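Working notes for the structure below.
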Amino acid sequence: MTMFARLLILACQAQDPGGYEALLERMIHPIWMAELPAPEERVLLFSSRDPRSSDASGDPDAWFSEDDSGHFLGTHVGTDGPEHVMVEASGPGFISRLRLDSARGQLRFYVDGSDQASLDLPAMEFFDGTLAPVPFGRLSGGGGVFSLPIPFTRSIRVTTTDGDARYAVSVQMTNLAEGVPALTREVLERHRDPLLLTARQLMASSDPLVQRKTKWMGAVDFKNEFPVSLRGNGAVHWFRFSFIGVDAPLDQAELPEYLRAIRIQTMDHTESAGEQERILIDVPFGDFFAASVAQTPVRSATLGFNPVGQSFYCRLPMPYEEGFTLKLVNDRELPKTVRVRLDVGFEQLLQPPPLRLRAAYFQHRNVPTRPAHDQTLFQASGAGRLIGLGMTVLNEGRRTWANGDEKIWVDGESTPSWFGTGLTDYFDRTIWHEGPEHFGYTALLRSHLSDPVAFRSGLRFDVGVVHPDDCQVHFEGVALWYGDPDFPLPVTMPSGEERVLQPIPEASFEYVPGALDLATVQLKKFGGEGDFRGLVDLPPAWSGSADQVLLIENAAPGSYASMKFPFLRSGAFHVKARMLGGGGGQVRFRINGRRMARTIELPQGDAQLVDAEIGIIQFSSSSSHSLILEVVEGAEFIGMTQLVLVPVES
């Protein structure tokens with residue numbers, strides 16, 4: 001953010017001190033997360049989970065129910081039909097994150113007892129950039145995620161006209177929202193410029209306002225550590241690692257092994273601990289940045305990874321007392337020495353806040369899927385705030401491992417205060433999906449920057465292991481939280497040999513080399529006439545090697561869906577699409593802005609899967625590419641399940 005941008009936001013705050021810019025500032029500069037939670041601070045999750053699962057001592061079929069759609073707090077008759085209540089809360093506070101599985105119907109927000117909705121909009125406008133830019137509004141499948149704060153002082157009620165909605169809404173209870181006016185379209189329009197600048201800053205890899213910067217260069221291998229240190233009291237606001245050279249180049253296939261072998265450690269020094277260093281973070285380097293499989297880029301407001309440039313950034317403030325050390329350690333003997341550059345932005349503080357950024361690695365391998373059960377991923381002791389979770393899953397079955405609900409237990413409660421609708425819904429994004437279907441590796445990231453989970457004596461994070469196949473799954477990754485530095489890390493780090501990524505088991509079903517399932521492809525935008533259903537499940541008889549389809553019903557000419565897909569290889573490739581057709585229709589594609597000449601005719605008659613040759617295209621080494629599906633001739637339904645990339649024989 002430039003100084004002009006910062007001054008613009010401060011000017012808006014001065015003109016409208018009751019405005020919501022202070023809530024945005026908390027996301028840009030989250031050093032406040034290292035303060036102890038205020039007595040009233042807590043997060044409430046409202047979700048469409050099966051209400052029968054509220055009783056922890058009840059029927060296991062209810063506790064692990066997958067009936068997580070169409071459940072509401074109540075229904076009343078509005079001016080244009082039934083309104084279903086998703087959220088009902090007393091303030092002060094603000095809605096910090098709203099997720100819908102399918103963006104249908106109308107969303108209405110009633111603030112502080114008013115019968116007039118402050119926001120009354122089609123659900124899609126919350127996610128497609130109409131109301132707020134990325135990252136505040138983002139499409140995901142056929143629905144989306146909205147994370148612009150929606151404040152209230154006394155109460156809030158949120159309704160939808162979609163009676164089958166699948167949703168999860170986070171509400172932050174805090175006195176900071178007291179007296180902040182309701183969010184309306186007029187308020188958004190008045191603050192459009194600072195909102196755009198704030199969004200841009202959230203997606204930057206560093207904070208240019210941090211005046212003190214330094215850099216180090218060095219090497220790490222089995223014999224050499226890479227330690228750097230700062231003196232005194234302060235806070236690291238951001239840091240960026242770059243792999244700048246090795247004995248021989250690290251190619252894409254080698255990178256995951258090195259990212260698991262190298263550990264990142266942080267520690268601070270304090271008089272209360274004598275001369276001892278307190279280890280705050282000790283995790284595999286790649287997992288810290290949600291880059292364990294190193295296949296596609298990661299870009300978020302907290303962490304990022306560029307696989308092409310092999311650079312990594314962290315935007316989470318790291319307070320320290322009496323000195324700070326960041327260290328890279330390699331505890332596996334690998335043939336190459338990695339040279340690195342570290343850039344750091346920091347400030348000195350007379351009195352740093354009491355909590356520290358903590359990170360712990362978890363590894364749960366060979367987890368059986370029968371019977372359904374809860375698997376504890378990690379636990380934290382003391383007071384703090386959960387800030388993020390990066391996870392890599394190895395699924396030995398064909399169908400999805402993500403049916404189980406996430407459950408966050410706070411301060412020893414008997415029933416989890418955070419009870420979600422499933423891991424597919426919980427994670428912000430799928431970073432990498434091996435496929436076909438959900439077989440193989442999946443890498444995921446969830447940031448709690450907008451909705452941190454405060455706790456005072458401890459936190460436990462469980463996932464439900466609810467799988468349609470009798471097989472095994474492996475969960476491993478890194479949990480991030482701000483916590484008491486005097487509590488030891490909750491797990492002992494496995495050795496370098498024990499951290500090696502497990503080989504993918506042999507598939508006993510159809511495997512399509514070069515196939516990108518729709519879990520990997522990121523939907524950006526869609527338009528035109530027709531009922532865009534987003535990602536929906538395919539009946540098993542149709543599924544072939546994928547169990548979800550990007551579906552448009554009653555598709556009319558001119559309808560389109562715009563997507564991004566990851567692909568790191570360069571050269572000429574045959575591009576194919578596995579389509580779901582029936583009842584005719586024609587489609588064509590654009591890849592990286594180039595319209596492909598071939599028009600795909602879909603079959604008449606019953607629904608069936610067909611493989612369509614799109615054409616040959618030359619890919620560069622870019623890590624992300626664009627794909628647009630355009631409807632040329634309408635049909636009752638048109639769908640796509642996979643994109644297949646096969647190298648052209650030289």
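For clarity, every value in this text was computed on a predicted model and none was experimentally measured. All residue numbers in this chain count up from 1 along the given sequence.
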>> Before you tell me yes or no, could you show the steps for Met391 and Phe362 under side chain to side chain contact (heavy atoms under 4.5 Å, CB included), namely the whole-Å CA-CA distance, both residues' side-chain angles and the distance that decides it to 0.1 Å?
In response: CA-CA 9 Å; Met391 189 162 75; Phe362 57 86; 4.1 Å; yes
>> Among residues at least two apart in sequence or on other chains, which ones pass side-chain hydrogen bond (donor to acceptor under 3.5 Å, both in side chains) with Arg212?
In response: none
> Is there a side-chain contact between Pro505 and Leu394, using heavy atoms and a 4.5 Å cut-off?
Replying inline: yes
>> Run the side-chain hydrogen bond (donor to acceptor under 3.5 Å, both in side chains) test against Asp405 and tell me which residues pass, sequence neighbours left out.
In response: none
>> Can you list everything that forms a salt bridge (charged side-chain N to carboxylate O under 4.0 Å, His left out) with Arg97? Sequence neighbours excluded, please.
In response: Asp428
> So, do His448 and Tyr426 have ring centers that fall under 6.0 Å from each other?
Replying inline: yes
> In terms of the angle between their ring planes, are Phe461 and Phe378 parallel, tilted or perpendicular, with boundaries placed at 30° and 60°?
Replying inline: parallel
>> Looking at Arg99 and Arg166, would you say the former's side chain and the latter's main chain have a donor-acceptor pair under 3.5 Å?
In response: no
>> Can a side-chain donor-acceptor contact be found between Glu498 and Ser495 if the only test is distance below 3.5 angstrom?
In response: yes
>> Which heavy atom of Ala132 sits nearest to which heavy atom of Phe136, and what is that distance?
In response: CB-CB, 3.8 Å
>> Do Ile591 and Val575 make a side-chain contact, defined as non-hydrogen atoms from C-beta onward lying under 4.5 Å apart?
In response: yes
> With sequence neighbours excluded, what pairs up with Arg385 under the salt bridge (charged side-chain N to carboxylate O under 4.0 Å, His left out) test?
Replying inline: Glu41
>> Could you check whether Arg315 makes a cation-pi contact with Trp238, meaning its NZ or CZ is under 6.0 Å from the centre of the six-membered ring and within 45° of the ring axis?
In response: no
> Say you draw a straight line from CD1 of Ile281 to NZ of Lys327; how long is it, rounded to the nearest 0.5 Å?
Replying inline: 13.5 Å
>> Strictly distance-based, threshold 3.5 Å: is any side-chain N or O of Thr400 a donor or acceptor partner for the main-chain N or O of Ala402?
In response: yes
> So, for Phe312 and Phe243, is the gap between ring centers shorter than 6.0 Å?
Replying inline: yes
>> Checking the side chain of Ser447 only, and the main-chain atoms of Gly388 only, is there a donor and an acceptor separated by less than 3.5 Å?
In response: no
> In this structure, are over 12 heavy atoms from other groups packed under 6.0 Å from Lys215 atom NZ?
Replying inline: no
> Under 3.5 Å, is there a donor-acceptor pair between the Asn592 and His625 side chains?
Replying inline: yes
> Near Lys525 NZ, under 6.0 Å, is it more than 12 heavy atoms from other residues, nucleotides or ligands?
Replying inline: no
> Any donor and acceptor pair, going by atom type alone, linking the side chain of Glu406 with main-chain N or O of Asp425 inside 3.5 Å?
Replying inline: no
>> My understanding is that only residues two or more places apart in sequence, or in another chain, count here; which of them pass side-chain contact (heavy atoms from CB on, under 4.5 Å) with Ser229?
In response: Thr325
> Going by heavy atoms in the side chains, are Tyr482 and Pro452 under 4.5 Å from each other?
Replying inline: no
> So do the side chains of His364 and Leu377 get within less than 4.5 Å of each other, counting heavy atoms only?
Replying inline: yes
> Counting only heavy atoms not in Arg299, do more than 12 fall under 6.0 Å of its CZ?
Replying inline: no
> Can you tell me how far NE2 of His237 sits from OG of Ser206, rounded to the nearest 0.5 angstrom?
Replying inline: 12.5 Å
> Do the side chain of Asp469 and the main chain of Arg399 share a donor and acceptor less than 3.5 angstrom apart?
Replying inline: yes
> Does a side-chain heavy-atom distance below 4.5 Å link Val236 with Leu230?
Replying inline: yes
>> Would Arg240 pass as a cation-pi partner of Tyr313, given that its NZ or CZ must be under 6.0 Å from the six-membered ring centre and within 45 degrees of the axis?
In response: no
> Taking all non-hydrogen atoms of both residues, which atom of Leu334 and which atom of Ala261 are closest, and how far apart?
Replying inline: CD1-CB, 3.6 Å
>> Is it the case that the side chain of Arg578 and the backbone of Met640 share a donor-acceptor pair, with hydrogens and angles ignored and the cut-off at 3.5 Å?
In response: no
>> For the CG atom of Leu445 and the OG1 atom of Thr302, what is their distance to the nearest 0.5 Å?
In response: 6.0 Å
> Considering only heavy atoms from C-beta outward, does the side chain of Leu459 approach that of Leu386 to under 4.5 Å?
Replying inline: yes
> For Glu35, does the CD atom have more than 12 heavy-atom neighbours from other residues, nucleotides or ligands under 6.0 Å away?
Replying inline: yes
> Where is the tightest heavy-atom contact between Ser626 and Gly593, given as atom of each residue plus distance?
Replying inline: OG-N, 3.8 Å
> What closest approach, in Å, do His574 and Pro647 show between heavy atoms, and which atom pair accounts for it?
Replying inline: CD2-O, 4.2 Å
>> Any non-hydrogen side-chain atom of Leu423 less than 4.5 Å from a side-chain atom of Trp401?
In response: yes
>> I need the Cys314 SG to Leu357 CG distance, nearest 0.5 Å.
In response: 6.0 Å
>> Apply salt bridge (charged side-chain N to carboxylate O under 4.0 Å, His left out) to residues Arg446 and Asp451 and explain how you reach the verdict.
In response: CA-CA 11 Å; Arg446 171 68 152 91; Asp451 57 351; 3.2 Å; yes
>> Does either side chain, that of Ser170 or that of Ser96, offer a donor lying less than 3.5 Å from an acceptor on the other one?
In response: no
>> Restricting to side-chain contact (heavy atoms from CB on, under 4.5 Å), what partner residues turn up for Asp221, sequence neighbours left out?
In response: Lys223, Asn224, Thr337
> Can you tell me how far CD1 of Ile262 sits from CG of Asp287, rounded to the nearest 0.5 angstrom?
Replying inline: 12.0 Å
> Would one find more than 12 heavy atoms of other residues, nucleotides or ligands at under 6.0 Å from atom NZ of Lys407?
Replying inline: yes
> Hey, is Asp331 close enough to Arg499 for a salt bridge, meaning N to O under 4.0 Å?
Replying inline: yes
> Quick one: CH2 on Trp32 to CG on Leu355, what's the gap to the nearest 0.5 Å?
Replying inline: 11.0 Å
> Out of Glu254, Glu476, Glu497, which residue meets the salt bridge (charged side-chain N to carboxylate O under 4.0 Å, His left out) rule with Arg260?
Replying inline: Glu476
>> Closer than 3.5 angstrom, by distance alone: can the side chain of Arg358 be matched with the main-chain N or O of Leu280 as a donor-acceptor pair?
In response: yes
> What's the shortest heavy-atom distance between Tyr320 and Ala235, and which atoms?
Replying inline: CE2-N, 3.4 Å
>> If you apply the rule salt bridge (charged side-chain N to carboxylate O under 4.0 Å, His left out), what do you find for Arg356 with Asp268, and how did you get there?
In response: CA-CA 9 Å; Arg356 300 289 180 265; Asp268 70 354; 2.9 Å; yes
> Salt bridge check: are Lys336 and Asp247 linked by an N-O gap of less than 4.0 Å?
Replying inline: no
> Judged by modelled atom types alone, do His474 and Gln363 share a side-chain donor-acceptor pair under 3.5 Å?
Replying inline: no
> Is any side-chain heavy atom of Pro297 closer than 4.5 Å to a side-chain heavy atom of Phe305?
Replying inline: no
> Between Asp251 and Leu255, is there a donor-acceptor pair closer than 3.5 Å when you use the side chain of the first and the backbone of the second?
Replying inline: no
>> Looking at Leu328, is its backbone amide N or carbonyl O close enough to the side chain of Arg263 to form a donor-acceptor pair, meaning the two atoms are under 3.5 Å apart?
In response: no
> What are the two closest heavy atoms between Ile31 and Pro319, and how far apart are they?
Replying inline: CD1-CG, 3.9 Å
> Going by the angle between their ring planes, with limits at 30° and 60°, are Phe241 and Phe239 parallel, tilted or perpendicular?
Replying inline: perpendicular
